[in-house]
Engineer: 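Once you've had a glance at the structure underneath, I'll fire off some questions.
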Amino acid sequence: MSLETPAERLRRWRLLLGPSAEDVAELGDDDQRRDGALTGLYGGGSERGAGLGASTPQLHRWLGDVRKYFPTSVVQVMQRDAVEKLGLRQLLLEPELLESVEPDVNLVSTLLQLSRAIPARTRDTAKAVVRKVVEDIEKRLKDRLVEAVRGAVDRSRRTRRPQLQDVDWASTIKANLKNYQPQHKTVIVEDLIGHRRRSRTAAMRDVILLVDQSGSMADSLVHAAVLGSALASIRSISTRLVVFDTEVADLTDQLSDPVDLLFSAQLGGGTDINRAVAYAQTQVRRPTDTVIVILSDLYEGGSEAELQRRVRELVASGVTVVNLLALSDSGTPAYDHELAAKLSALGAPAFACTPDKFPELLAAALRKDDLTQWAESEGIATGR
């Protein structure tokens, strides 16, 4: 492990403090470009404030320097700060600028909130940015989700005449240990143990995703669209995705393309969770085989009393109801603690969940495990 030299330490302090500390250390050409990029966004001391100017070419150069001189994780933070601190939302609607930006979920959230204002000439570029992020999420999560869900649902009952792909090898070996042949160091298998698959022509479980599309839930909506699309590819699951604010929109027919689905959503506006749950009730065909996931921070603008009544009815009928306060990597958001506790007491636990944990969460819900215990075993704080 190399120790930092005094000169390197001074260099880092100079970059941290900005041009107001220019006598601390002399910067090389690359460091001067780094310093300029930081100063353009965060300012350089008491004499200069932050500002990238209104010029598109100037911003384009700044984006290029940021991507060249900083790692991706830092680039994404600086881009987000630029959009929020300096009011650059309109400039991000320029196709040339979008091509220079490092795509991430936060940028996608911004684009979706601006989707109604994006001009036609920029829309294709915006969709390309969104698609790259969607594909990155799919690569990270789709296989895990499909495997977890199939493991929880696809196998229905034990059989001693399973097909080869359905053999439970651990159980089979255990059941045949009495037939171990020491001289051959092998087990003679007389009984195969496995699971008989139900017909794939009919779904075995129903999953209804109710997604709050208020602005604060933008990151969660992005992940929900990708995960919902992955679920829709599993024939043993019937997946429905519904977005809501004060209105309810069933976007199930767009699950084949999560990018188009996201651009169909309308981020912002009020929240009527009760109305969304009322719609979900009309879609329940087989209560004991149905999981409803309410993805919302639970700031209810509709009737809390009616919402609690509907959740109570759903749980009593055998439906598994889960309240996800967030589905993002940014942690638990602000949420209505009182309503979360009331719904949890009705048998509909409430907690935030990272996208990486969602496959295991859904598998646990489909198995009808105790979700509160599951959350506690995973170190996830419940909203109770």
Engineer: If you define the side chain from C-beta out and look only at heavy atoms, does anything of Leu362 sit under 4.5 Å from Val149?
Structural biologist: yes
Engineer: Could you tell me if the side chain of Asp272 sits less than 4.5 Å from the side chain of Phe244, heavy atoms only?
Structural biologist: no
Engineer: Checking side-chain hydrogen bond (donor to acceptor under 3.5 Å, both in side chains) against Asn274, which of Arg309, Glu304, Arg310 comes through?
Structural biologist: Arg310
Engineer: Give, for atom CG of Leu295 and atom CZ of Phe358, the distance between the pair rounded to the nearest 0.5 Å.
Structural biologist: 8.5 Å
Engineer: Has Glu378 got more than 12 heavy atoms of other residues, nucleotides or ligands less than 6.0 Å from its CD?
Structural biologist: yes
Engineer: Tell me whether Arg240 is salt-bridged to Asp206, with the criterion being a basic N under 4.0 Å from an acidic carboxylate O.
Structural biologist: no
Engineer: Can you tell me if Asp212 and Ser296 form a side-chain donor-acceptor pair at under 3.5 Å?
Structural biologist: yes
Engineer: Would you check if Leu221 and Val211 make a side-chain contact, meaning some heavy-atom pair closer than 4.5 Å?
Structural biologist: yes
Engineer: Quick test of your reading of the model: are Asp329 and Arg140 salt-bridged, counting only N-O distances below 4.0 Å?
Structural biologist: yes
Engineer: Does any part of the side chain of Thr122, heavy atoms only, come nearer than 4.5 Å to the side chain of Leu98, both counted from C-beta?
Structural biologist: yes
Engineer: For Asp124, which residues count as a salt bridge (Lys or Arg N to Asp or Glu O under 4.0 Å) partner, sequence neighbours excluded?
Structural biologist: none
Engineer: With side-chain contact (heavy atoms from CB on, under 4.5 Å) as the test, would you mind laying out the steps for Ser238 and Arg285 before giving the verdict?
Structural biologist: CA-CA 11 Å; Ser238 172; Arg285 303 172 297 164; 3.9 Å; yes
Engineer: Tell me if the CD atom of Glu313 is crowded by more than 12 foreign heavy atoms within 6.0 Å.
Structural biologist: yes
Engineer: Under 3.5 Å, is there a donor on one side chain and an acceptor on the other for Asp245 and Gln213?
Structural biologist: yes
Engineer: Let's go through Val315 and Thr320 carefully: what are the C-alpha distance in whole Å and the side-chain angles of both, what is the deciding distance for side-chain contact (heavy atoms from CB on, under 4.5 Å) to 0.1 Å, and is it a yes or a no?
Structural biologist: CA-CA 6 Å; Val315 172; Thr320 298; over 6 Å; no
Engineer: Do Lys139 and Glu135 meet the salt-bridge criterion of a basic N to acidic O distance under 4.0 Å?
Structural biologist: no
Engineer: Could you verify whether a donor N or O on one side chain and an acceptor N or O on the other, from Ser109 and Asp219, lie under 3.5 Å apart?
Structural biologist: yes
Engineer: So, Gln181 and Thr186: side-chain donor and acceptor under 3.5 Å apart, yes or no?
Structural biologist: no
Engineer: Would you find more than 12 non-hydrogen atoms of other residues, nucleotides or ligands less than 6.0 Å from Lys357 atom NZ?
Structural biologist: no
Engineer: Thinking salt bridges, do Arg131 and Asp257 make one under a 4.0 Å N-O criterion?
Structural biologist: yes
